Number of protein chains: 2
Amino acid sequence: MRAFWERGYDGVSVAQVCAEAGIAAPSLYAAFGDKNALFEKACALYTEHLDEDLERDLSAPTARQAVERLLRSSAEHFTAPGQPPGCLVMGEPRLTERRDKTRGMIRARLRRAAAEGELTSVAEADQIAAFIDTVLTGMAARAREGADRTRLLDAARYATRAWPA
Amino acid sequence: MRAFWERGYDGVSVAQVCAEAGIAAPSLYAAFGDKNALFEKACALYTEHLDEDLERDLSAPTARQAVERLLRSSAEHFTAPGQPPGCLVMGEPRLTERRDKTRGMIRARLRRAAAEGELTSVAEADQIAAFIDTVLTGMAARAREGADRTRLLDAARYATRAWPA
DNA sequence: CGCCAACCGTAACGCACGCTAAAGAACGTG
DNA sequence: CACGTTCTTTAGCGTGCGTTACGGTTGGCG
């Protein structure tokens, strides 16, 4: 998981995984099948607590608080010490499906806010969702190329000021 | 250039470039040297008009207008019809240097705004620069995975509302 | 101690890659 | 028409990839 997280599916060779894991290739193949299956296992491990964290953040009483929490915890996750910078899901081209899922949850939360009167319309909710998606994607990419936590949190803080109270 | 733009350096094989260009490998090697030199030529072509466009956008009278123009023209560039979606520079891990240059120009423009009193401090300028960097990076990534122009412009519009007038 | 089964590392396969040498075609010049 | 130059094509090199067959080692059990 660490290797895929750092360098992506195509950037990691099976030999490198074997070296980092301290085992030989046949053992790895006996345990996981092939590189694809190994990657899916790594993804499953990575995304294990992702949905609940997401739901926890998004369950805040107001959409503004929900987005604030989401952006803040994402910035912290993308720069967690002892872990690779960025996000395995955001950095992997083939995981479009998983990203769409997250986007759908954000959009749903904002549409709920529109239905509850916190936002003026569903259209506004979708636009803000697109904006938040963009910021999250950017934060992950910036983290991977070395942006530190402070800078990401700065970006997150300004992003939450984007729509009027 | 199109091939590298669409799929990145590692995602493009010399054989594919040859097929798309309608020439054989030795001709390509005679003309460009090797894959790296070809890529640098493609980058030079891509970035040819990039700095002037950037300076044109950033030369707006106020920093807010400068950022508005930059975000808007970037959103349009990332979704230009007949061209690959996204940005060659933003999508290529090895072009960190080029991205840093763009970031430096944005930060310089916002620091100027701080010096001129449009922003309250250099610290605020740097924070807004980090935010704008993040949004730009995210817009390029979102464009590459299929986000349409409308969505990117929505994100750009909300990003410009992030700091008070 | 002897046996069997499970495990592990070595070595190799087929393939695609970046790259290049040498054969062959096209073309202007005498 | 013959020739020399220039470009293109064919074919192949070495390397690293994902993957797997095989022989040696280890460890538990009678």
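Computed from a prediction, not measured in an experiment: that's the story for all the values here. Throughout, a chain's letter reflects where its sequence line sits, starting with A, and its residues are numbered from 1.
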Exercise. Has B:Y29 got a side-chain N or O lying under 4.0 Å from the OP1 or OP2 atom of C:dT20?
Worked result: no
Seminar exercise, completed: Separation of D:dT19 atom P from A:F39 atom CZ, nearest Å, is 14 Å
Exercise. Which is true for B:V17 with a 4.0 Å heavy-atom rule: it touches a base, it touches only sugar-phosphate, or it touches nothing?
Worked result: nothing
Problem set entry | Nearest listed nucleotide, side chain of B:A25, among C:dT20, C:dC17, D:dC17 | C:dT20
Problem set entry | Rounded distance in Å - NZ (B:K35) to P (C:dC19) | 8 Å
Exercise. Are OP1 or OP2 of D:dC7 and a side-chain N or O of B:S27 less than 4.0 angstrom apart?
Worked result: no
Seminar exercise, completed: B:Q16 CD to C:dA16 C1', in whole Å, measures 11 Å
For this session: Answer yes or no for A:R149 and A:F78: cation-pi contact, defined as NZ/CZ to six-membered ring centre under 6.0 Å and angle to ring axis within 45°.
Result: no
Exercise. What's the CG-P distance between A:L28 and D:dG18, to the nearest Å?
Worked result: 10 Å
For this session: On DNA chain D, check which nucleotide each of A:D10 and A:P26 is closest to and give me the residue with the more 5' one.
Result: A:D10
Exercise. Between B:R2 and B:E6, is there a salt bridge with N-O shorter than 4.0 Å?
Worked result: yes
Seminar exercise, completed: A:R7 atom CZ is separated from D:dC17 atom P, nearest whole Å, by 11 Å
Exercise. Can a salt bridge be assigned to the pair B:E97 and B:R103 using a cut-off of 4.0 Å between side-chain N and carboxylate O?
Worked result: no
Exercise. Is the shortest heavy-atom distance from the side chain of B:M105 to the side chain of B:T102 under 4.5 Å?
Worked result: no
Seminar exercise, completed: Rounded to whole Å, the CG-P distance (B:D34 to D:dC13) equals 22 Å
